[in-house]
Amino acid sequence: MAATVPASGGEGEVVGNQEIESLIESLPKLPFLVEGHIYKYDGFWYIEDHLRAVLSCKKHFRFEDSDILLATFPKCGTTWLMAILYAIINRHRYPIGSEDHPLLTNNPHSLVRNFELNLYNKNAIPDLSNMPAPRLFATHAPALSLCDEVKNNSGCKVVYVCRNPKDSVVSFWHFLGKLKPEAASRLSFDEFFDSFCSGVITFGLFWDHVVDHWKASLSMPEKVMFLSYEQIIEQPDHYVKKMAEFMGCPFSSVEEDEGVVNGIVKMCSFSHLSQLEVNKSGRTQNGVRHDSFFRRGVVGDSKNLLSSEMINKIDRITEEKFSPHGLTI
Ligand SMILES: Nc1ncnc2c1ncn2[C@@H]1O[C@H](COP(=O)(O)OS(=O)(=O)O)[C@@H](OP(=O)(O)O)[C@H]1O
């Protein structure tokens with residue numbers, strides 16, 4: 001059943017309406033580091049395009065019980081987890097190891113629709129009627145504020161992946177240099193770092209984003225799974241199995257014996273994906289170079305850029321924000 005397009009709407013209907021525009025105008029805003037402004041909505045900071053898309057989604061999108069939503073703060077492993085979740089969910093349609101697997105010829109961002117980047121960003125209601133179940137979506141917006149179904153009683157599930165903020169901020173900085181080289185060249189890393197730490201950055205504050213999902217995973221463990229990039233790097237086979245169980249499609253013992261789990265881990269590994277022709281060239285529909293999603297793909301690369309003062313600052317914030325909730329990463 002595809003219940004996404006509301007009765008009044010059809011594909012392509014413009015949803016940027018007065019209600020949304022008035023709300024945006026009423027929000028606190030600041031000049032954004034890179035260009036334009038950044039707006040505070042529901043406790044988090046958004047650039048205008050993302051905000052409009054998220055508000056459109058809240059207004060028009062309805063989750064189905066079988067939907068899976070990947071939620072991440074930017075640069076925390078989105079591309080990798082898109083690939084893993086896509087491979088798990090679609091393994092019967094697209095057997096692992098087959099020569100025509102879609103992940104071999106498509107960047108993961110082309111296979112998974114992201115709410116604020118390629119689903120609602122054209123201010124139009126997308127037609128999702130031919131998406132097979134389970135539908136897989138992604139977002140950098142806080143999942144619980146995206147749509148009431150996520151916190152209410154529907155069956156849709158959220159896989160949330162966090163990452164050590166030191167690696168996340170460094171990854172974000174390098175990405176910005178590729179995404180908007182001119183804007184990035186006018187900025188120092190110190191300025192970018194301070195914005196990250198104060199939260200005035202797309203989808204910031206990082207720590208609140210993580211804590212909200214952590215708390216949701218504790219209160220609704222059947223609905224929200226909380227993982228970290230570092231955990232998955234450490235034990236990929238184990239977490240691929242956990243994700244499949246959580247999503248309601250566990251691996252059979254025959255599949256395990258046949259090496260399907262390890263096949264997914266290998267196919268989605270940094271060394272494999274980053275070397276595929278499709279990921280070395282080409283761009284997403286928003287114009288982002290595919291190769292900008294693949295840089296080093298390791299834990300701890302931040303030590304090459306962060307000063308000891310920066311490390312102390314970020315560790316102090318992490319301790320203050322996470323320890324009251326029993327969260328360590
Ligand atoms: N397959 C795989 N395995 C492990 N790590 C990977 C993989 N693919 C991408 N990466 C690394 O993830 C970082 C990019 O983060 P995101 O994918 O969340 O970026 S985005 O928010 O979607 O723009 C970025 O991290 P850094 O290398 O530290 O910059 C990528 O290199």
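One-based numbering, in listed order, for ligands and for the atoms of each.
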Would you please say whether a donor-acceptor pair under 3.5 Å links the side chains of Glu116 and Thr139? yes
If we ignore angles and hydrogens, is there a donor and acceptor under 3.5 Å between the side chains of Tyr160 and His209? yes
Using a 4.0 Å cutoff against the non-hydrogen atoms of [X], which atoms of ligand 1 qualify?
X: Ser269; value: 1 (N)
X: Arg296; value: 27 (O), 31 (O)
X: Thr78; value: 16 (P), 17 (O), 18 (O), 20 (S), 21 (O), 22 (O)
X: Pro74; value: 21 (O)
X: Phe294; value: 8 (N), 9 (C), 31 (O)
X: Gly77; value: 15 (O), 16 (P), 17 (O), 18 (O)
X: Ser171; value: 13 (C), 24 (C), 25 (O), 26 (P), 28 (O), 29 (O)

N-O pairing of Arg295 and Asp167 below 4.0 Å: no
Quick check: Phe294 with Trp80 (ring centres under 6.0 Å apart)? no
How far is [atom] from its nearest protein heavy atom, and which residue and atom is that?
atom: atom 22 (O) of ligand 1; result: His109 CE1, 3.2 Å
atom: atom 17 (O) of ligand 1; result: Thr79 OG1, 2.5 Å
atom: atom 9 (C) of ligand 1; result: Phe293 O, 3.1 Å

Hey, does His272 sit under 4.0 Å from ligand 1 if you only count heavy atoms? no
Under 4.0 Å, counting heavy atoms only: does His140 come that close to any atom of ligand 1? yes
Could you report the tightest heavy-atom contact between Phe193 and Lys313, atom names first, then the distance? CE2-CD, 4.0 Å
Contact partition for Cys268 relative to ligand 1, non-hydrogen atoms under 4.0 Å: backbone
Location of contacts on Ser274 toward ligand 1, heavy atoms closer than 4.0 Å: neither
Would you check if the side chain of Ser219 reaches a backbone N or O of Lys215 as a donor-acceptor pair within less than 3.5 Å? yes
Report, as yes or no, whether the 6.0 Å neighbourhood of atom [atom1] on [X] holds more than 12 heavy atoms from other residues, nucleotides or ligands.
X: Lys266; atom1: NZ; result: no
X: Glu222; atom1: CD; result: yes
X: Glu245; atom1: CD; result: yes

Note: heavy atom closest to atom 5 (N) of ligand 1, options Tyr229, Phe270, Trp80, belongs to Tyr229
Have a look at Arg295, Lys75, Arg163 and point out the one with the heavy atom closest to atom 25 (O) of ligand 1. Arg163
Hey, could you give me the CG/CZ distance between Asp301 and Arg296, rounded to the nearest 0.5 Å? 4.5 Å
Does any N/O atom on Gly297 come nearer than 3.5 Å to any N/O atom on ligand 1? yes
